[in-house]
Amino acid sequence: MIREQLKRLITQAILDAQSVGDLPAFELPAFTLDHPRQAQMGDYAASVAMQLARVARMPPPQIAQRIAKHLALGNLATYELASAYINLRLTPEYLTTQVDAILNAGEGWGNITIGAGQRVQVEHGSANPTGPLTVASGRNVVIGDTLANVLTAAGYAVHREWYVNNAGNQIRHFGASVYARYAQCLGVDEPFPEDGYRGEYITDIAKRMIEREGDRYLKLPKDEARRALGKLGIDDVMENVRTSLGRVGIYYDNFFSERSLYESGLFERVLPILRDKGLLLEHDGALWFSEDGSPIADTGTPIADLDHETKSKVDNQKSKIVQAVVIRSPKVIPDPTERPTYLASDIAYVWNKLVERGFNRAIYVWGEDHQGDVPRLMAVTRALGLDPDRVVLIIYRFITLMRNGQEVRMGKRAGNIVTLDDVVDEVGADATRYVLLSRSIDTKLVFDLDDVKRRAEDNPVFYPQYAHARICSILRKAAEQGSLSPASPITPAPPLPSSHAYAHPSELALIRKLLEIEEVVEQVATQLQPHHLTTYAQSLATTFNAFYRDCHVLGEAPEVTAARLKLARAAKLTLARTLALMGMSAPERM
RNA sequence: GCCCCAAUGGCGCAGUGGAUAGCGCGUUUGGUUGCGGACCAAAAGGUCGGGAGUUCGAAUCUCUCUUGGGGCACCA
């Protein structure tokens, strides 16, 4: 990356200055290279001279001068001193060579290597398999999928996983609900369970069961029938979920069964690790996890677990001491063959991720309702002797869906859900993904269906796609005129003769913007904030449109047209890559 | 009560400890005898919620207060 190259050159200049005595000896602190606010100040600005004032015991401008004196930038960039700032400007010659570099990189353009092949798992989605994929889960899967795309581009070996919560109370209620509808559809007067799922899709599932299996479950003992139909129901739901995910371009490497944590005996193998450390406590017939092994008071009333202590002011959430969380209790789950509690699964699952499968990092994408579980998972991870830094929790805020100026209320139990399919039907997959990505995960997102549809003309959702289609149109026209072989829209052309270096400010601005994609990939991969992609896509399209306005491509002198066609192709490639990272299509026409 | 998140032009939001805080929508005024007007330009619009602190330098870090959202069950 260019920024890293420039940083290395500055570091070298400081070392050189020190070795000849222009600067005194000191340990070089970490420093940054920023983009100056004003373009006229250059492409990058180093404020390192100010940082060094104390250790070098010199006025910052003088330090800047002495660093600059040793700066060996070659033809990469030029520098200017502005007080203590060292401003660097990439040269047109260098920028010109980068257009070829972009086209040569092809589909790999924008990829960086910071991941160094580390194995990272992104677990996302993982909604209870008790109903269709809702638009609320849409934010989860789109965030997770996009991060997975970007981490892949950043050089990580990424594994995409959906955790199927096919155990526990909710599943029991679900099974009972399917059974009730099943019986009712077959004319049996079966009461609907109180904690049941009231959505109509349950009846649909029941009908499909009848079609496939007939009435044979009526002949089984109720408990057995409920369990069996629950299992089949989950399969049915998950199949539909997969179809819905496919419509927004989301695929998984694995669907991981929660139940398998018990069926494989893993849970019973991992639990002794905690027991041996004295972190498991029996109390009132239940089994508890207590991170510091502190005894549980016999209060006679249900123990409110989280009397946390603050271990560190820096990161409360992650380092909280968790004193008591129940792992197994007959009051919660009476059936000893069923999964004990949610935490029990988390214990086995994190072990499975980090030890059995050996991922370097396990990223969990969780909605804000799971925020309270963060300390528990971190505590369990520590207790198992695993490095908590290998567990990364991404907590995103929920979305509010608006239609006709009103908030659409949703609840899976009550059955008034808006599915992701509904939204995709209404506004399309690309717009759905774009909107869900467009805000920081830390802020709540208002998804106004009417907004996205109504203003299809001046809608920011389609702006980058429009720019892409516009480039395609130019390239098509060029092909008709014989300026470009239509068969090879992105194969590299021969390098430009140096006399045709790009010189127009709008050309150079566009190249600079194209090069930024690597920084965006790095930023998203390190901050795990996918909305930077939408910001970049907008500004990339804007920069291209300025080029389009100022620099005519076709009908200029042959060398100029050839050079600008190359630049247009590089812009098309960069737009397409950005859209692909967001999981959006790059249309040739709109 | 404890914990997490948010507060930035009229509205919606970006912003990596660095220079004159940006973008979209909206508003106003303009733009193509040429490649897609789903485009572009200009203008108006800001005490970055209040206060204190750290720092050469704070929208950004710390503390505190205010307001709003979420989480704090032997639920998931």
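Just so it is clear: chains get the letters A, B, ... in the order the sequence lines come, proteins before strands, and each one is counted from 1.
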Name the nucleic acid region contacted by [X], choosing base, sugar-phosphate or nothing; use a 4.0 angstrom heavy-atom cut-off, strictly under.
| X | result |
| --- | --- |
| A/R172 | nothing |
| A/E588 | base |
| A/Q538 | nothing |
| A/A568 | nothing |
| A/R328 | nothing |

Identified stems (criterion: three or more consecutive Watson-Crick or G-U pairs, under 3.5 Å), RNA chain B: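 Correct response: B:1-7 with B:66-72, B:10-13 with B:22-25, B:27-31 with B:39-43, B:49-53 with B:61-65.
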From the set [options], return the single nucleotide nearest to any side-chain atom of [X].
| X | options | value |
| --- | --- | --- |
| A/A286 | B/G37, B/C5, B/C74 | B/C74 |
| A/R549 | B/G69, B/A41, B/A76 | B/A41 |
| A/K477 | B/C40, B/G37, B/C35 | B/C35 |
| A/P460 | B/C35, B/G24, B/C39 | B/G24 |

Can a donor-acceptor pair under 3.5 Å be found between the side-chain atoms of A/N165 and the base atoms of B/A76?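 Under the 3.5 Å cut-off, the side chain and the base do not form any donor-acceptor pair.
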Whole angstrom value for the distance that separates [atom2] of [N] from [atom1] of [X]:
| X | N | atom1 | atom2 | result |
| --- | --- | --- | --- | --- |
| A/H552 | B/U33 | NE2 | C1' | 13 Å |
| A/L554 | B/G34 | CG | C1' | 10 Å |
| A/Q371 | B/C5 | CD | P | 8 Å |
| A/D369 | B/C5 | CG | P | 16 Å |
| A/Y364 | B/C4 | OH | P | 21 Å |
| A/E282 | B/C74 | CD | C1' | 13 Å |
| A/D346 | B/C75 | CG | C1' | 14 Å |
| A/Y463 | B/G24 | OH | C1' | 10 Å |

Please report the distance separating the [atom1] of [N] from the corresponding atom of [M], rounded so that it comes out in whole Å.
| N | M | atom1 | answer |
| --- | --- | --- | --- |
| B/U8 | B/A14 | C1' | 10 Å |
| B/G24 | B/A43 | P | 13 Å |
| B/U16 | B/A21 | C1' | 14 Å |
| B/U67 | B/G17 | C1' | 27 Å |
| B/G45 | B/U60 | C1' | 24 Å |
| B/C25 | B/G9 | C1' | 13 Å |
| B/G53 | B/G46 | P | 28 Å |
| B/U27 | B/C11 | P | 15 Å |

Using a cut-off of strictly less than 4.0 Å, decide whether [X] has a side-chain nitrogen or oxygen near OP1 or OP2 of [N].
| X | N | value |
| --- | --- | --- |
| A/N128 | B/A76 | no |
| A/S329 | B/C74 | no |
| A/Y396 | B/G69 | no |
| A/R470 | B/G37 | yes |

Straight-line distance of [X] [atom1] to [Y] [atom2], nearest 0.5 Å:
| X | Y | atom1 | atom2 | answer |
| --- | --- | --- | --- | --- |
| A/Y163 | A/S126 | OH | OG | 8.5 Å |
| A/Y548 | A/I474 | OH | CD1 | 6.0 Å |
| A/L515 | A/M1 | CG | CE | 11.5 Å |
| A/L81 | A/N87 | CG | CG | 8.0 Å |
| A/H531 | A/L437 | NE2 | CG | 10.5 Å |

5'-most contact on RNA chain B: A/I395 or A/K331, nearest heavy atom basis?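 Of the two residues, A/I395 wins.
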Under 3.5 Å side-chain donor-acceptor pair for A/R433 and A/T146: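 Checked: A/R433/A/T146 side chains pair up, N/O donor to acceptor below 3.5 Å.
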Check the geometry between A/H370 and B/G70 and answer yes if their rings are stacked (centres below 5.5 Å, planes below 30°), otherwise no. no
Cationic N near anionic O, under 4.0 Å, A/K572 to A/E588: yes
Does the side chain of A/L567 come within less than 4.5 Å of A/E507's, by heavy atoms? yes
Readout for nucleotides 10-20 of chain B: B = base within 4.0 Å of protein heavy atom, S = sugar-phosphate only, - = neither; 5' to 3' it is --SSSSB-BBB
Please set out all donor-acceptor pairs under 3.5 angstrom arising from side-chain atoms of residues 47-59 of chain A, sequence neighbours excluded.
none

Those residues at least two apart in sequence (or on a different chain) that pass ring pair (Phe, Tyr, Trp, His ring centres under 6.0 Å) with A/H552 are none
Could you pull out all residues at least two apart from A/F267 that satisfy ring pair (Phe, Tyr, Trp, His ring centres under 6.0 Å)? A/Y262
Contacts of A/Y434 that satisfy side-chain hydrogen bond (donor to acceptor under 3.5 Å, both in side chains) - sequence neighbours left out: A/Q538
